[in-house]
Amino acid sequence: MLSVILMNVDLNESESNKFEELYYKYRKRLFSCAFSILKNNEDSEDVLQNAFIKIAQNIKCIAELESKETAAFLTVIVKNCAYDFLRKYSDYTEPLTEETENISVNDNSIEELVDKLEYEKIVSVIKNIPSPYNEVLYIHFVKDYSLKKTAVILGRKTATVKMQLVRGKKILVEKLREALYD
């Protein structure tokens, strides 16, 4: 699989070596992550290959090979690839309430509403916001990734993600206000 991935991506020698180290270090863990979502070896292998192509394309975003941040970054890419696969080949919608421990909020109007609503309800509201806004809001606020990393994960330009985040926050504030008065 490694040679197929390297054929699909243009890397210089140092990037290629870095990618190979990442591949051998994380492939089993990332396969397990994909398998936990897809429950199928063949589909998990396909998703893993697609994820590693995305990782190779974004190899410059990875500073340290053995950091928690790198492991988390790679895991998010694999999860997103798995959920994309499920959306593409079934009627599946991603469970946005999966991780409910922390939420990072940077908007005062949202902070006021967060105090009054349960976290689960907020994540549920984010889930019901139309795509692509729900994806951007979920990765940025729930997963707590920066604007730049959110763009990388989604494979979009930073300016696009920024605009989607602004529009998504407006929709989120409206929906949270509605939920408050229900």
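This structure is a prediction, so every number in the text was calculated from the model and none was measured. Just so it is clear, the values below take in all heavy atoms, side chains as well, and ignore hydrogens, waters and symmetry mates. For this chain, numbers begin at 1 and follow the sequence in order.
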Within a strict 4.5 Å, meaning less than it, do heavy atoms of the [X] and [Y] side chains meet?
X	Y	result
Glu15	Lys18	no
Asn50	Asp84	no
Phe52	Leu30	yes
Glu66	Thr70	no

Of all heavy-atom pairs between [X] and [Y], which one has the smallest distance, and what is that distance?
X	Y	value
Val47	Ala34	CG1-CB, 4.2 Å
Ala51	Cys81	CA-SG, 3.7 Å
Ser44	Phe31	CB-CE1, 3.5 Å
Thr150	Tyr145	OG1-O, 3.6 Å
Tyr26	Ser67	OH-O, 4.0 Å

Partners meeting side chain to side chain contact (heavy atoms under 4.5 Å, CB included) with Glu21 (sequence neighbours left out):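 In terms of side chain to side chain contact (heavy atoms under 4.5 Å, CB included), with neighbours along the sequence ignored, Glu21 is linked to Leu65.
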Listed partners of Cys33 passing side chain to side chain contact (heavy atoms under 4.5 Å, CB included), at least two apart: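 Cys33 satisfies side chain to side chain contact (heavy atoms under 4.5 Å, CB included) with Thr75, Val78, Lys79 only.
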First locate atom [atom1] of [X], then atom [atom2] of [Y], and finally report the distance between them rounded to the nearest 0.5 Å.
X	Y	atom1	atom2	value
Ile77	Gln57	CD1	CD	9.5 Å
Lys169	Leu137	NZ	CG	9.0 Å
Asn41	Asp46	CG	CG	11.0 Å
Asp43	Phe85	CG	CZ	3.5 Å
Ile37	Tyr83	CD1	OH	4.0 Å
Ile55	Leu48	CD1	CG	7.5 Å

Side chain to side chain contact (heavy atoms under 4.5 Å, CB included) assessment of Ile139 paired with Asn80: CA-CA 10 Å; Ile139 292 170; Asn80 286 337; 3.9 Å; yes
N-O pairing of Lys149 and Glu69 below 4.0 Å: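 Yes, charged N to carboxylate O under 4.0 Å.
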In residues 156-164, what donor-acceptor pairs under 3.5 Å come from side-chain atoms, sequence neighbours left out?
{"from": "Arg156", "atom 1": "NH1", "to": "Gln164", "atom 2": "OE1", "distance (Å)": "3.0"}
{"from": "Arg156", "atom 1": "NH2", "to": "Glu135", "atom 2": "OE1", "distance (Å)": "2.7"}

Side chain to side chain contact (heavy atoms under 4.5 Å, CB included) between Asn134 and Lys127, worked out: CA-CA 6 Å; Asn134 62 351; Lys127 179 181 176 184; 5.8 Å; no
Heavy-atom donor-acceptor pair, Ser32 side chain to Lys28 backbone, under 3.5 Å: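 Yes.
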